[in-house]
Amino acid sequence: MGGAWAQSGVTLSGIADSAVRHVRNEDLGGVTSLVSGSNATSRFIFRGTEDLGGGLSAGFHLESGVALDTGANTTANTLFDRRATLSLASKQAGELRLGRDYVPSYTNWVRFDPFSHVGVAASANFVSATPVGPIKSSFGASPNTTTRTSNAVQWLMPAGWGGLEGGLMWASDENGTAANGQHKVKGARLGYAAGPLVVSGALTRTENNLTTAGHFDDRVIAALYDFGMVRVSLALRRFEQADARQNNVLLGAWIPVGNGEIKASLQRVSFSGSVGAASLDDNHARQLGLGYVHNLSKRTALYGTLSHISNSGALAYAISGGASGLAAGGSSRGVEFGMRHNF
Amino acid sequence: MGGAWAQSGVTLSGIADSAVRHVRNEDLGGVTSLVSGSNATSRFIFRGTEDLGGGLSAGFHLESGVALDTGANTTANTLFDRRATLSLASKQAGELRLGRDYVPSYTNWVRFDPFSHVGVAASANFVSATPVGPIKSSFGASPNTTTRTSNAVQWLMPAGWGGLEGGLMWASDENGTAANGQHKVKGARLGYAAGPLVVSGALTRTENNLTTAGHFDDRVIAALYDFGMVRVSLALRRFEQADARQNNVLLGAWIPVGNGEIKASLQRVSFSGSVGAASLDDNHARQLGLGYVHNLSKRTALYGTLSHISNSGALAYAISGGASGLAAGGSSRGVEFGMRHNF
Amino acid sequence: MGGAWAQSGVTLSGIADSAVRHVRNEDLGGVTSLVSGSNATSRFIFRGTEDLGGGLSAGFHLESGVALDTGANTTANTLFDRRATLSLASKQAGELRLGRDYVPSYTNWVRFDPFSHVGVAASANFVSATPVGPIKSSFGASPNTTTRTSNAVQWLMPAGWGGLEGGLMWASDENGTAANGQHKVKGARLGYAAGPLVVSGALTRTENNLTTAGHFDDRVIAALYDFGMVRVSLALRRFEQADARQNNVLLGAWIPVGNGEIKASLQRVSFSGSVGAASLDDNHARQLGLGYVHNLSKRTALYGTLSHISNSGALAYAISGGASGLAAGGSSRGVEFGMRHNF
């Protein structure tokens with residue numbers, strides 16, 4: 001139809017990001033690999049907006065994750081796994097958005113992570129592959145909603161409400177099953193940005209056929225302050241299901257240096273409560289990440305990152321890309337050098 | 001190669017369409033869901049044509065279905081499931097088209113359905129998931145050819161043959177099996193359009209390893225007349241395999257109203273003949289669809305649609321998106337509100 | 001991000017190529033089919049480069065194979081199966097390229113095959129589906145590296161080093177298994193082009209968990225001379241694993257004729273050595289290919305190709321698209337007529 005409309009507008013854009021990574025898991029030796037998306041996830045995007053007049057606009061956004069190391073789709077049979085949305089937006093009343101998108105608690109979290117949830121020092125290292133606790137009992141092997149959900153209806157606040165920002169999300173389980181990745185989702189986010197300060201909170205509540213004892217709650221509160229010489233963030237996230245709780249705390253810093261930026265994060269995860277008769281206490285882990293990003297242009301950067309995870313209790317969190325089989329309480333170290341190119 | 005050719009031409013275009021749907025199947029309660037493509041199937045298209053001089057042109061068309069609610073591919077591992085064709089066209093002699101495309105009987109049918117075979121009031125509701133009759137016995141769980149076929153060679157009539165239109169299609173089974181979706185196809189379509197009148201007929205004949213007793217025939221004859229205040233269509237379709245026949249009759253209407261259009265369709269399906277010793281008589285169903293499309297611009301529209309199906313005999317046709325398990329002879333009701341955006 | 005950068009650059013291009021093919025395998029009758037990519041593999045490409053100043057540039061290349069006859073992805077769940085790379089290039093020092101790409105020995109081979117490794121007369125007919133010898137014992141059903149590898153780091157020589165060309169490739173097995181297509185790869189290519197002469201050699205060495213007895217070596221040496229009225233090539237390729245060797249010899253010719261080109265190739269494959277106690281001697285096959293490509297424009301061509309394979313010993317190489325079950329020592333004949341369109 002594109003050719004038929006004089007005002008037709010669609011943009012093809014994306015990010016190509018690849019790095020060489022070395023990960024050494026305790027007692028398991030080192031593994032070197034080529035990885036994709038360590039500064040920003042590799043992707044391509046089809047998107048556009050149309051001005052409908054009177055402050056109204058229509059828009060769509062189709063975003064596909066790409067594994068730049070292998071050419072593979074990042075999600076089998078879901079081309080637009082990162083985002084697939086259709087929007088009707090009003091400058092006064094905000095945006096109504098339909099489709100697959102980030103949940104409010106993820107949106108609220110990722111902004112405060114200097115490593116944007118990706119790479120060796122990703123805060124994602126303490127989210128996925130959880131060996132104990134609420135994520136495992138709420139989702140098992142099903143797609144969890146700590147990042148995205150399909151089938152969502154959202155309302156997003158317009159710009160210019162006195163520094164307020166945020167929105168509401170709702171998704172039906174469509175009579176489906178957790179194995180299909182279907183679930184009820186209700187979520188909300190409310191933030192405030194003024195000058196150097198950002199404060200923000202969000203909740204995402206998920207129900208599926210594995211959460212019959214209640215629901216899975218994902219709460220985030222976070223703040224960021226830009227001191228000029230350094231930008232500092234603090235973010236708290238709690239995953240909760242029945243009597244089990246996982247608590248993530250992130251302290252982040254960005255330090256501008258010439259054409260580049262030094263980034264650092266310290267993250268701690270701890271568990272509390274229980275799953276059945278098993279107590280989750282005394283399980284905690286810590287990650288320290290340190291990186292430098294050097295901009296070759298506005299679109300292209302080189303980067304290097306170091307990360308170290310130490311576990312205690314039954315935990316065995318590891319940096320992705322290492323040898324499998326890290327023992328409980330073991331440590332994981334990683335380093336990577338890469339390049340990101342926006343197109 | 002694109003950059004290397006001065007005349008290089010490829011267009012990226014498509015449709016993003018999403019709706020909130022509620023379906024209530026008799027005795028099974030209601031299900032609310034987010035759906036994709038209820039006014040027009042969500043898709044993206046790469047296509048282009050090259051003028052070769054002397055009335056000749058080359059062209060290609062790659063079209064991919066998108067589930068806008070989930071980001072999923074509409075067909076696993078077949079990116080260009082909607083169309084993948086290469087053409088050599090002459091203004092005088094017509095177009096030779098190679099690849100995956102609509103079969104003639106579908107092309108002939110969809111034009112006369114006010115709901116374009118999609119949404120709660122889709123005429124597709126009486127085609128797919130047939131519990132009895134020729135479609136089931138000819139294709140089982142294999143991809144059927146009531147919409148498209150792969151591996152086709154087509155000739156399409158040029159414009160300007162005194163209002164005539166149509167073409168011929170042929171596809172080899174390539175020594176394959178029905179389970180692979182491979183089959184022999186022969187089809188033809190011939191229509192006539194003059195002023196407010198369109199009349200048209202088509203036949204698609206399919207043979208595969210499940211139609212050893214003969215072949216599967218899909219015949220359509222249809223007419224449309226534009227009275228100005230209302231456009232009215234009548235279409236008859238018969239699926240036939242061995243002694244089993246399915247007959248679909250569609251009466252459609254389009255009524256322009258300001259920036260929008262009211263659409264209505266009444267469809268009836270009935271079966272006759274037998275499968276083995278089992279008679280198919282006394283199985284019929286009826287669907288009434290009513291909708292309104294409001295254009296916000298040439299590219300963007302809001303729409304709402306109502307639909308009601310009543311079954312009798314062994315039939316249990318239901319609107320997609322409801323709870324499964326509708327009993328034979330039960331009814332299905334649906335409503336949806338959505339938005340379509342062409343890009 | 002595209003819209004956000006003034007210099008943003010991404011090109012969508014590709015090739016649409018389809019043909020009608022008839023293959024007759026000895027004693028098995030003929031099969032007619034529609035095929036994709038017989039002159040050049042059907043594909044689409046997203047790619048771009050950015051000038052970083054000082055002779056430096058960044059670039060990416062995402063290339064996806066398309067089955068134009070069916071719309072299918074050519075590799076399930078690997079959208080960019082043909083190439084997915086990110087590059088940092090210097091006019092003086094060459095290009096550092098990360099990602100999925102051709103291995104050096106393939107790059108070195110395909111250039112000397114008049115049929116570019118595709119179609120009824122493809123030199124690929126003697127590579128894939130090997131019934132005996134090193135490819136089978138090194139890769140089994142796993143993806144082999146005679147064409148491409150994922151996870152590669154490459155250095156490619158810059159233009160202008162006195163006619164020299166080539167590069168180095170390295171890929172980690174990432175602690176993976178052959179079944180995952182993961183393997184160590186080391187490769188190198190060195191060529192020299194001056195006026196009408198090209199000479200070139202390459203080696204690709206692969207290790208995976210099926211090559212514990214050693215490694216799989218893929219060596220190519222080749223030359224090409226352009227006499228004006230005819231361009232002639234000679235290429236030798238050896239696959240070697242433990243005591244098994246496969247030797248391919250290709251003699252090629254291109255003869256310009258008006259707006260078109262006649263192409264011919266004679267290829268012979270022979271085996272030597274042994275797999276375990278079984279000798280591979282006395283297994284050989286021969287393929288003769290003859291074709292004509294007629295250019296309708298710079299972007300579009302029609303073509304026709306003939307091919308004949310004769311096997312001896314245990315070999316049963318056949319042209320793709322025929323009936324399966326060719327007996328050892330049997331012959332295979334094929335013909336196809338098609339069209340290629342660059343966009």
Side-chain angles (χ1 to χ4, degrees), chain A residues 9-23 25 28-36 40 42-49 64-79 295-302 321-325 337-343, chain C residues 1-12 46-54 56-65 73 75-88 96-101 143 148-153 170-176 180-182 184:
Chain A
V10 50
T11 304
L12 166 56
S13 62
I15 297 173
D17 181 324
S18 191
V20 174
R21 177 182 292 184
H22 187 78
V23 175
N25 288 337
L28 296 169
V31 176
T32 301
S33 57
L34 189 72
V35 294
S36 174
S42 299
R43 70 192 77 172
F44 71 87
I45 307 171
F46 301 155
R47 64 178 166 184
T49 55
S64 175
V66 173
L68 202 82
D69 47 345
T70 63
N73 304 46
T74 49
T75 307
N77 294 321
T78 301
L79 183 60
N295 296 305
L296 296 175
S297 74
K298 284 190 177 178
R299 292 169 51 198
T300 303
L302 302 176
S324 59
F337 297 96
M339 175 173 163
R340 173 191 46 74
H341 174 66
N342 295 50
F343 59 89
Chain C
M1 296 286 170
W5 307 107
Q7 327 88 303
S8 177
V10 50
T11 302
L12 166 57
F46 301 154
R47 64 176 166 184
T49 56
E50 180 194 11
D51 187 341
L52 297 169
L56 270 185
S57 63
F60 74 99
H61 187 118
L62 296 168
E63 183 168 333
S64 174
N73 305 46
T75 307
N77 295 320
T78 301
L79 183 60
F80 298 110
D81 55 346
R82 292 182 54 82
R83 184 170 159 192
T85 61
L86 177 64
S87 296
L88 184 64
L96 180 68
R97 186 185 292 181
L98 306 177
R100 177 172 179 78
D101 201 1
R148 296 179 182 85
T149 185
S150 291
N151 301 312
V153 177
W170 172 88
S172 166
D173 64 358
E174 303 193 347
N175 236 30
N180 294 336
Q182 290 181 298
K184 288 181 197 167

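First the proteins, then the strands, lettered A, B, ... as listed; each starts at 1. Excluded from the calculations below are hydrogen atoms, water molecules and symmetry mates; all remaining heavy atoms, backbone and side chain alike, are included.
For C/Ser87, the part sitting under 4.5 Å from any heavy atom of chain A is the backbone (N, CA, C, O) and nothing else. In this structure, no portion of A/Val23 lies under 4.5 Å from any heavy atom of chain C. For chain A, no part of C/Ala171 is nearby; none of its heavy atoms comes within less than 4.5 Å. Only the backbone of C/Thr85 comes within less than 4.5 Å of a heavy atom of chain A; no side-chain atom from C-beta onward does.
Here the side chains of A/Thr70 and C/Thr78 are not in contact, with every heavy-atom distance at 4.5 Å or above. Using a 4.5 Å cut-off on side-chain heavy atoms (C-beta onward), C/Asn77 and A/Asn77 make contact. Residues A/Phe44 and C/Phe80 meet the side-chain proximity criterion, which asks for heavy atoms closer than 4.5 Å. Residues C/Leu88 and A/Leu296 are in side-chain contact: their nearest non-hydrogen atoms beyond the backbone lie under 4.5 Å apart.
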Going through the distances and angles, do C/Glu174 and A/Thr32 end up as a side-chain contact (heavy atoms from CB on, under 4.5 Å)? CA-CA 6 Å; C/Glu174 303 193 347; A/Thr32 301; over 6 Å; no

Audit row: A/Leu34, C/Leu98, side-chain contact (heavy atoms from CB on, under 4.5 Å) steps and yes/no: CA-CA 8 Å; A/Leu34 189 72; C/Leu98 306 177; 4.0 Å; yes

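Separation of atoms CZ (C/Arg100) and OG (A/Ser18) is listed at 14.0 Å; rounding is to 0.5 Å. Distance CG/A/Leu28 to CG/C/Asn175: 9.0 Å, rounded to 0.5 Å. A distance of 5.5 Å separates CG in C/Leu62 from CZ in A/Phe343, rounded to the nearest 0.5 Å. Taking OG of C/Ser172 as the start and CZ of A/Arg21 as the end, the distance is 12.5 Å to the nearest 0.5 Å. For the atom pair CG of A/Leu68 and CZ of C/Phe60, the computed distance is 9.5 Å after rounding to the nearest 0.5 Å. Interatomic distance, CG of C/Leu79 versus OG of A/Ser64, reported as 6.5 Å (0.5 Å rounding).
In this structure, the side chain to side chain contact (heavy atoms under 4.5 Å, CB included) partners of C/Ala58, at least two apart in sequence or on a different chain, are A/Thr300, A/Met339, A/His341, C/Glu50, C/Leu52.
A donor-acceptor pair under 3.5 Å is absent between the side-chain atoms of C/Asp81 and the main chain of A/Gly71, judged by distance alone.
Contact count versus chain C (heavy atoms, under 4.5 Å) is highest, among A/Val20, A/Val31, A/Thr75, for A/Val31.
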